[in-house]
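To keep things clear, I will list the structure first and then write my remarks on it.
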Amino acid sequence: MDEIVAEYIRRTVLRIPRSEMGRMLTTWGVFSENQLQSINLHQIKDKLSQEVVQLCEENGATIKHAANLDIIYNYTYRDKKVWTVYKMTKEDGDENVVFNWVDFKNRFKASLRLLLKNVTITFKKFEDNSMWIRIAWGTQFKKPNQYKPTYVVYHSQTPYVFISHSIFKNCRVLLFQALLAAANYSDIHEMDLRSRCLDSLKDIVFKRYNQNVETFNPQPLQERNSTLENVDPRIIQEDKNKKETIRKINEEDFGNGSLPKLQYAQYKLETVFKSKPEMGILNDKEPFRCLVTFSSPHLLEALKSLAPAGLATAPLSRLLTCIVPEAKNSFKITEKKSGFSHGLPDQ
Amino acid sequence: MERAPTEDTASGRKTMGHGTNFISTAHLSRGRISLKRGNLFGHTPAKRRILQTPRMQENADARIGFLLRKQLTLYSVTPLYRFSYDRLQEYSRQLCFVIAAEKQKGLAIHVEGDLKLKVKFSSLSVLKTSEKGQAGVLIQVTAENAGPKVVWIGCFCCTCGDDILETVMEDFTCFPLFLVNGAESLSAIIGTWLQQTFDCSFSLLTISPLNLAWMAAMWTGYKIEHHKRAMELTFSVPGTSQPLDISYAIHAEDAKALWDSIHTTQQEVRQEQVNLFMDGLCYHFYRHFKIYLSATRLVKVSTSVACVHSDGKIKILHSAYLMEILALMTELAISQIL
């Protein structure tokens, strides 16, 4: 067995947490039942990794197998990466071809290998119907670098592609060509939508997030230990009404189910600077260039709680509520007569 | 820097290192200072003079370069008892022994490998701003057998703190501000030694949102030719179901245009101008996002000259305004120890 392959397997095994080790090695499918039984999962990791490599040696494992284990690991820990969504488009009049995975794989490999010999391409299909493609890039004179691969996730018959890892520009072009050829599309562009949570990105672009809306219907929270005897009941009622209004407005914007997980939203503002006239300061300066970034471990949940916490007006600005419907979390805002524009054709 | 177990929670101060925390005000006459500065109870003043600091001498850059582009932690320090510029060599030797002893105990130091550490105290006359002013003191810890490489620096200064110098009693030396960069384990040992040797007390210099707003406004007004960066304000939003931070970065030129339209007084910056600057920016933000930034907490300010975080960390990016920045930090440190 190649030394590079052995070392790569060893390092991949070291990354796998002990609790997942048994399951991942079984899923990997390189070892027989007996071999799996023989591996001592409780010894120190370093020894364990050597034992795995030893068994691979016996079974004659190749870089394909090694790449497969890496995909299994990254599929399980997909939230450790940042995923960017791309959308492919067809030109009018393009015929719809019946899709099958064998053709897809062949066309993908052929397209990429046409221009780059030194490249490792590995496919793996998962139960959620996603196809994972791992590409390790080399150059004309260099073997593929297995430690900095690109991961591409694709669902058949959809125009969306999820790509992780910043890759070299020229490789990116090759990758796009291969994807277009394989999936039979004519163009591809970035959607300005990024997150660590791959599943949430899928929820957003496949418009699956709305399905949750009706399933969970919380009752308004009851005030606990409320001793409000001294307060005018009309005030209490007014306060309740206000809270209820905010809740309703919020529900219209965000639904009441669980929200997709995004880590940031970014707005490049090139709008007019307007101040209140009584301030008597800089006014109507255009453009006033700003970059505003909202960041949170769960951005949409945080935004949803702004109005109820009294930190924002309800309804919330359309700039914040349009993230999910427009499947974007990176915007450029310019001034338009009718208000702010996202620079989208349909605005 | 390691937070001491003996935290003085009443005053919200964190002492440096373990051990002593004698916040004694005996050596300062509170009344005189307050009257002079028009700064009762250590509040932020309603206006600040724009400093006319002498430009630093030629090649000063090389001598203060160690303070630039490094994350420095800020401490306020009560006056040092029986400190003498004539005994810097002696201090170097003593502290060197202390560090070696701690290392032998194997407790606190996690400096990689078997480094041979050398300590050097030196006087920093570059930081002297006036005749009466006093030179800063630099403490450098160098790993001899690794380069030599500086692994820790600490710098005492009293930039433009002449007012306070006049009020300090005999036998005391006042360095209200201490800047530190380096391993926390070393900071803890050195901090403890300094506090014990000079009977002083260190506390982390946290910076209030109000003072951060001052920095945002004043620093935006500084003229910088090269390496302009956007003026970035970072707000932490309280009370949301998930933590939320808002970064609001304004193009350097546009931020300056706004400040210039507000800052019409030549010699000073006024509180109401700072307020107007922030209100204007918050209003512009509200117009887009319908979020009240005034209800959130300003935690960080980055400009072309420096970045400061409310938890007492600063990175100075430009030597041109170093004195102004140190003077402001010294002023904040003084108001914290009063």
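Below, chains carry the letters A, B, ... as their sequence lines are ordered, and counting in each starts from 1.
- Side chain of A/Arg196 to backbone of A/Lys80: a donor-acceptor contact under 3.5 angstrom is found.
- In this structure, no portion of A/Tyr264 lies under 4.5 Å from any heavy atom of chain B.
- A donor atom on one side chain and an acceptor atom on the other are not found under 3.5 Å apart for A/Ser200 and A/Asp203.
- If you measure heavy-atom distances from B/Ala230 to chain A, you find no contacts under 4.5 Å at all.
- Under the 3.5 Å distance criterion, with hydrogens and angles disregarded, a donor-acceptor pair is assigned to the side chains of B/Gln271 and B/Trp214.
- Between A/Lys248 and A/Glu251 there is no salt bridge, since no side-chain N of the basic residue sits under 4.0 Å from a carboxylate O of the acidic one.
- With 3.5 Å as the limit, one finds a donor-acceptor pair spanning the side chains of A/Gln266 and A/Thr293.
- Using a 4.5 Å cut-off between heavy atoms, A/Lys276 touches chain B through backbone and side chain atoms alike.
- The contact between A/Leu311 and chain B is made by backbone and side chain atoms together, counting heavy-atom distances below 4.5 Å.
- At least one donor-acceptor pair under 3.5 Å links the side chain of B/His263 to the backbone N or O of B/Glu268.
- When each of B/Tyr248, B/Phe285, B/Phe289 is scored by its heavy-atom pairs under 4.5 Å with chain A, the top score falls to B/Phe289.
- Judged by distance alone, with hydrogens and angles left aside, the side-chain atoms of A/Asp192 form no donor-acceptor pair with the main-chain N or O of A/Asn329 at under 3.5 Å.
- At a 4.5 Å heavy-atom cutoff, the contact between B/Tyr283 and chain A is made by side-chain atoms alone.
- Interface remark: of the candidates B/Ser294, B/Ser261, B/Ala255, B/Ser261 forms the most heavy-atom pairs closer than 4.5 Å to chain A.
- For a residue to count as touching a neighbouring chain, one of its non-hydrogen atoms must lie under 4.5 Å from one of that chain's; by this rule B/Phe277 does not touch chain A.
- Per-residue counts of heavy-atom pairs under 4.5 Å with chain A were compared for B/Pro238, B/Pro243, B/Ala295; the largest is that of B/Pro243.
- For a residue to count as touching a neighbouring chain, one of its non-hydrogen atoms must lie under 4.5 Å from one of that chain's; by this rule A/Pro308 does not touch chain B.
- Considering only heavy-atom pairs separated by less than 4.5 Å from chain B, the leading option among A/Pro297, A/Gly310, A/Ala309 is A/Pro297.
- The closest side-chain heavy-atom distance from B/Tyr286 to A/Thr313 is below 4.5 Å.
- The main-chain N or O of B/Thr240 is never found under 3.5 Å from a side-chain atom of A/Ser305 such that the two would form a donor-acceptor pair.
- Of the atoms belonging to B/Asp260, not a single heavy atom falls under 4.5 Å from chain A.
- Heavy atoms of A/Lys285 lying under 4.5 Å from chain B belong exclusively to its side chain.
- Of the two parts of B/Glu253, only the side chain, counted from C-beta on, holds a non-hydrogen atom closer than 4.5 Å to a non-hydrogen atom of chain A.
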